[in-house]
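See structure below.
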Amino acid sequence: ACKRAVETGDSQRVRTMVEEAESHLSEPYPSLAGEVILHAYANDRKGIVKDLIGKCSPEQIAAAPPILLRQAAASLDFQTAVTLVDKGIQPGDYAVDVLHTLTGQHQEWMAEHLLERGMPVEPDNYAALYACVSNQAPGAAKLLLDHGMDLEKYKTWAEHRPKGEGYAETMEELAAYWSEP
């Protein structure tokens, strides 16, 4: 029913249904709001996305499907991405996709801002650092190092991975940054 309400574009009805769902379900369904937001994105209903995110609790956003932040990044929807990060979205394995998408589209500033705002990236998620280095985004890569990623362990991880144009230069910049006191 929530999906049908999204498809009709009725923001008020969507919000009411999501808010009242808890009292009508036999078991808690914390990811419902996030799934409805994701469906609204798929149907290009940005007004519903914005409205529903604004009404969601941090617990509902944390329970949202991890791909939701990737969807905002792929749409270059900066405000939605920031709001999701501020409310505690957990991108999980999609953190790599978010960073790859943004740095690959030359939106390093957006990737940096999300990292500065606290977008969670596991310190052993070397694929996230690889995405930044491969797309020549040293600012975002430095933020990953600042948040606990180990450059030496990354070098071992990345040893046999393909290295494109600009990779060596970006790694040189990171190595200099890593060795600073």
Side-chain angles (χ1 to χ4, degrees), residues 2-3 6 11 14-15 17-22 25-105 107-135 137 139-151 153-154 157-158:
C2 290
K3 287 181 177 182
V6 165
S11 187
V14 171
R15 189 172 57 242
M17 293 180 89
V18 170
E19 288 170 356
E20 292 182 4
E22 288 299 318
L25 297 173
S26 59
E27 294 180 28
Y29 191 19
S31 67
L32 175 65
E35 290 176 25
V36 174
I37 294 167
L38 190 59
H39 186 71
Y41 246 117
N43 285 278
D44 200 28
R45 301 291 188 180
K46 300 265 173 101
I48 293 175
V49 168
K50 183 178 178 183
D51 184 44
L52 202 51
I53 289 173
K55 300 293 182 190
C56 283
S57 69
E59 294 78 18
Q60 288 172 309
I61 295 298
I67 197 170
L68 183 56
L69 183 59
R70 183 196 177 286
Q71 200 60 32
S75 300
L76 298 179
D77 185 351
F78 177 70
Q79 193 56 54
T80 298
V82 167
T83 302
L84 288 169
V85 168
D86 287 349
K87 283 198 165 196
I89 191 149
Q90 300 298 312
D93 292 339
Y94 287 102
V96 173
D97 292 340
V98 169
L99 294 172
H100 178 75
T101 297
L102 294 175
T103 59
Q105 293 186 36
Q107 302 298 317
E108 180 179 9
W109 68 273
M110 193 171 163
E112 289 176 12
H113 198 77
L114 293 178
L115 290 168
E116 288 167 351
R117 297 293 280 246
M119 181 179 84
V121 179
E122 292 297 319
D124 64 348
N125 188 344
Y126 300 119
L129 184 56
Y130 180 75
C132 294
V133 175
S134 294
N135 288 323
K142 288 174 184 177
L143 286 168
L144 290 173
L145 296 177
D146 290 345
H147 292 123
M149 210 164 276
D150 186 301
L151 187 62
K153 289 180 181 177
Y154 167 76
W157 177 91

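Heads up: numbering here begins at 1 and tracks the sequence. Just so you know, these numbers use all the heavy atoms, side chains as well, and skip hydrogens, waters and symmetry mates.
Put simply, the side chain of Val36 does not reach to within 4.5 Å of the side chain of Met17, judged on heavy atoms.
Thr103 and Ala131 make their closest contact through OG1-O, 3.7 Å (heavy atoms, listed as atom of the first residue, atom of the second, distance). In this structure, Asp150 and Tyr126 approach most closely via the heavy-atom pair O-CE2, 3.8 Å. The shortest non-hydrogen separation linking Pro91 to Pro66 is O-CB, 3.4 Å.
Listed for the His147 side chain is a donor-acceptor partner under 3.5 Å among the backbone atoms of Leu143. A donor-acceptor pair under 3.5 Å is absent between the side-chain atoms of Lys55 and the main chain of Arg15, judged by distance alone. One N or O on the side chain of Glu108 and one on the backbone of Ala140 form a donor-acceptor pair closer than 3.5 Å. Gln107 contributes no side-chain N or O that, together with a main-chain N or O of Leu76, makes up a donor-acceptor pair within less than 3.5 Å.
By the 30° and 60° cut-offs, the orientation of the rings of Tyr154 relative to Tyr130 is tilted.
The CD1 atom of Ile67 sits 12.0 Å away from atom CD of Glu35, with the distance rounded to the nearest 0.5 Å.
Residues meeting the salt bridge (charged side-chain N to carboxylate O under 4.0 Å, His left out) test with Asp77, sequence neighbours left out: none. In this structure, Lys50 has no salt bridge (charged side-chain N to carboxylate O under 4.0 Å, His left out) partners at least two apart in sequence or on a different chain.
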